[in-house]
> 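Shown below is the structure under consideration.
Scope of the values below: all heavy atoms of this structure, side chains included, with no hydrogens, waters or symmetry mates. Please read these numbers as outputs of a predicted model, since none were measured by experiment. Note that ligands are numbered from 1 as they come in the structure, with each ligand's atoms numbered from 1 the same way.
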Amino acid sequence: METKNVGLRDITVADTKISHIDGKKGKLIYRGYDVLDLTKNSNFEETAYLLLHDNLPNKKEFEEFKKKLRDSRQIAPQMQKNMGNWRKEAEPMDVLQAFVAALAGYYNEEGSAKEISYQRAINLIAKVPTIIASWDRIRKGKDPIQPDYNLSHAANFLYMLKGEKPDKELERTFDVCLILHADHTFNASTFAAREVASTRAHMYSAVSAAVGALSGELHGGANLEVMKMLLEIQNEKNVEVWIKNKLEKGERIMGMGHAVYKTVDPRSIVLKELSKTLAKKTEMPWYEITKNVEDSTVKFMKDKKNKDIFPNVDLYSASVYYMLGIPMDLNTPIFAISRVVGWSAHVIEERFAEAAPKPMLYRPKAVYVGKYDGPQGCAYVPIDKRN
Ligand code: COA
């Protein structure tokens with residue numbers, strides 16, 4: 001027997017109402033709403049409500065939701081004290097994973113299992129930015145900055161990170177980035193969260209597993225690689241030759257291509273505009289270099305391989321984060337600030353879906369290709385008789 005479904009590609013394992021990708025049309029839908037519509041008209045907090053609840057909130061619901069989020073931003077001082085015991089070189093994603101799991105040790109939510117899941121979702125969405133910003137300050141020998149109740153989710157994170165409040169333009173730029181990354185169907189980290197939730201393990205446990213999955217370079221790490229590439233290229237004049245050399249050696253260009261989108265990734269359209277605007281504001285060269293990377297890759301692939309290739313979400317988000325002044329090794333944690341919404345919504349759907357087919361404990365099979373027991377195989381030999 002041969003393993004047929006390596007990597008579970010093209011296998012459907014659940015019904016979901018949370019998000020949908022149309023890879024041919026280049027569309028991403030959150031609960032029925034086009035993500036491009038949400039980036040124009042909504043904000044991160046409202047999008048989070050939508051993903052968690054299946055509908056946009058009315059005014060009262062939205063005010064209550066925002067208040068709950070703001071009231072939950074602070075993390076226990078003991079957590080920040082414990083962070084001080086970590087090596088300052090520790091990977092931010094490792095710190096995040098550990099302190100997400102640790103939330104269960106600090107907070108005791110009450111109610112039905114479903115109510116507790118919603119409370120934990122709020123706690124996670126509110127506290128993940130505080131964990132990341134606290135760690136960044138602590139590793140640099142600075143005191144963490146307490147959350148500012150009067151700021152939006154996006155502005156508050158930038159404030160806790162840098163110690164100064166962003167202007168409206170920078171706040172909105174980051175807010176839009178958060179909307180764009182909030183969910184993306186059954187990617188590896190979301191599946192990890194759902195898989196853990198299918199055992200009836202709790203929300204913090206499922207989300208810490210998702211953070212672990214996101215930390216891998218095949219998942220959350222691509223935009224860091226894009227920024228390293230841009231820094232290596234340095235000047236837009238170098239782009240064409242640099243790209244040609246890489247592609248002729250059969251290497252891949254980070255930020256280009258996608259497993260599901262076979263046309264332009266809609267998120268990259270928005271991020272391209274944000275990068276362009278930020279480059280003007282900061283007078284930095286990264287938008288122009290990125291655009292040349294896109295154009296040179298598209299041209300080479302078309303001319304030499306007869307293949308159409310498009311930018312993905314990571315190509316332009318790299319320069320956006322860089323120009324926002326975010327340390328490069330926080331790119332993946334920032335992904336988590338947004339994606340924790342999707343993870344939480346998926347954990348709730350996994351645990352409490354009411355319509356058939358109801359989710360059940362994930363238990364795939366593997367094809368055993370190891371040794372067998374018996375005459376030709378393995379019979380136990382005491383240790384002193386082994387060679
Ligand atoms: N640079 C150069 N060539 C690329 C490429 C890239 N970024 N992405 C795809 N290709 C080429 C491959 O070499 C492959 O050709 P081959 O079969 O002759 O080797 C072909 O295009 C495969 O294309 P496709 O089937 O559309 O993509 P995929 O599903 O195999 O790969 C990715 C999807 C995301 C893994 C791939 O595009 C990639 O590695 N991109 C760079 C990493 C990245 O940006 N990741 C973040 C994704 S959000």
> Working note: K17 + E349, criterion salt bridge (charged side-chain N to carboxylate O under 4.0 Å, His left out); need CA distance, chi angles, decisive distance, verdict.
CA-CA 8 Å; K17 293 179 177 170; E349 188 176 67; over 6 Å; no
> Atom 6 (C) of ligand 1: which of D308, V313, D314, I253 has the nearest heavy atom?
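Nearest option to atom 6 (C) of ligand 1, by heavy atoms: I253.
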> Does the side chain of E64 pick up a donor-acceptor pair with the side chain of Y49 at under 3.5 Å?
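There is no such pair between these side chains.
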> Counting from 1, what ligand 1 atoms have a heavy atom of G257 closer than 4.0 Å?
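Near G257, the atoms of ligand 1 are 34 (C), 37 (O).
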> For atom 4 (C) of ligand 1, what's the nearest protein heavy atom and its distance?
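Here the nearest protein heavy atom works out to I309 CD1, 3.8 Å.
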> Any protein heavy-atom neighbour for atom 29 (O) of ligand 1 (distance below 4.0 angstrom)?
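Yes, there is a protein heavy atom closer to it than 4.0 Å.
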> Is it the case that atom CD in E354 sees more than 12 heavy atoms from other parts of the structure closer than 6.0 Å?
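It does not: E354 CD has 12 such atoms or fewer within range.
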> Counting neighbours of CD on E240 that are heavy atoms of other residues, nucleotides or ligands and sit closer than 6.0 Å, is the number greater than 12?
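Open.
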> Flag atom 45 (N) of ligand 1 as yes if some protein heavy-atom distance to it falls below 4.0 Å, otherwise no.
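Flag for atom 45 (N) of ligand 1 set to true, protein heavy atom closer than 4.0 Å.
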> Between the side chains of S215 and Q97, is a donor N or O closer than 3.5 angstrom to an acceptor N or O?
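No donor-acceptor contact under 3.5 Å links the two side chains.
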> How about NZ on K25, more than 12 heavy atoms from neighbouring residues, nucleotides or ligands closer than 6.0 Å, or not?
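No, because the 6.0 Å sphere around NZ of K25 holds 12 heavy atoms or fewer from other groups.
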> Taking non-hydrogen atoms only, is K307 closer than 4.0 angstrom to ligand 1 via side chain, backbone, both or neither?
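The part of K307 near ligand 1 is the side chain, not the backbone.
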> Starting from atom 15 (O) of ligand 1, which protein heavy atom do you reach first, and at what distance in Å?
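Sorting protein heavy atoms by distance from atom 15 (O) of ligand 1 puts R252 NH2, 4.8 Å first.
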> Which atoms of ligand 1 are found less than 4.0 Å from any heavy atom of L247?
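Those of ligand 1 that fall under 4.0 Å from L247 are 2 (C).
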> Give the contacting part of L315 toward ligand 1: side chain, backbone, both or neither, where contact means a heavy-atom distance below 4.0 Å.
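The answer is neither.
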> Give me the residue, atom name and distance of the protein heavy atom closest to atom 41 (C) of ligand 1.
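Closest protein heavy atom to atom 41 (C) of ligand 1: M256 O, 3.4 Å.
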> Is the contact between H258 and ligand 1 made by the side chain, the backbone, both, or neither, using heavy atoms and a 4.0 Å cut-off?
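Answer for H258: both.
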> Considering heavy atoms of the protein only, find what lies nearest to atom 42 (C) of ligand 1 and give residue, atom and distance to 0.1 Å.
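Protein heavy atom at minimum distance: M254 SD, 3.7 Å.
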> Considering R267, M301, R9 one by one, which has a heavy atom nearer to atom 10 (N) of ligand 1 than any of the others?
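Considering heavy atoms of R267, M301, R9, the nearest to atom 10 (N) of ligand 1 sits in M301.
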> Does the protein put a heavy atom less than 4.0 Å from atom 17 (O) of ligand 1?
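Not a single protein heavy atom is under 4.0 Å away.
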> Taking 4.0 angstrom as the limit and counting only heavy atoms of G255, give me the atoms of ligand 1 inside it, by number and element.
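With G255 as reference, the close atoms of ligand 1 come out as 43 (C), 44 (O).
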> Counting neighbours of CG on D384 that are heavy atoms of other residues, nucleotides or ligands and sit closer than 6.0 Å, is the number greater than 12?
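Result for CG/D384: enclosed.
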> Could you tell me the residue and atom name of the protein heavy atom closest to atom 47 (C) of ligand 1, and the distance to it rounded to 0.1 Å?
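In this structure, atom 47 (C) of ligand 1 has N312 ND2, 3.5 Å as its nearest protein heavy atom.
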> Would you tell me whether N43 and H153 have side-chain atoms, one donor and one acceptor, within less than 3.5 Å of each other?
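No - no donor-acceptor pair under 3.5 Å links their side chains.
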> Does ligand 1 have any atom that is closer than 4.0 Å to a heavy atom of K262?
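Contact check K262 vs ligand 1: positive.
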> Think R386 forms a cation-pi with Y380, using NZ or CZ under 6.0 Å from the six-ring centre and within 45 degrees of its axis?
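Yes, R386 and Y380 form such a contact.
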> Among H184, H219, R339, whose side chain to side chain donor-acceptor pair (under 3.5 Å) with S189 holds?
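Of all the options given, the one that passes is H219.
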> Within the protein, is there a heavy atom lying under 4.0 Å from atom 39 (O) of ligand 1?
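At least one protein heavy atom is under 4.0 Å away.
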> Would a 4.5 Å heavy-atom cut-off, applied to side chains only, mark R137 and D143 as touching?
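Side-chain contact under 4.5 Å: no.
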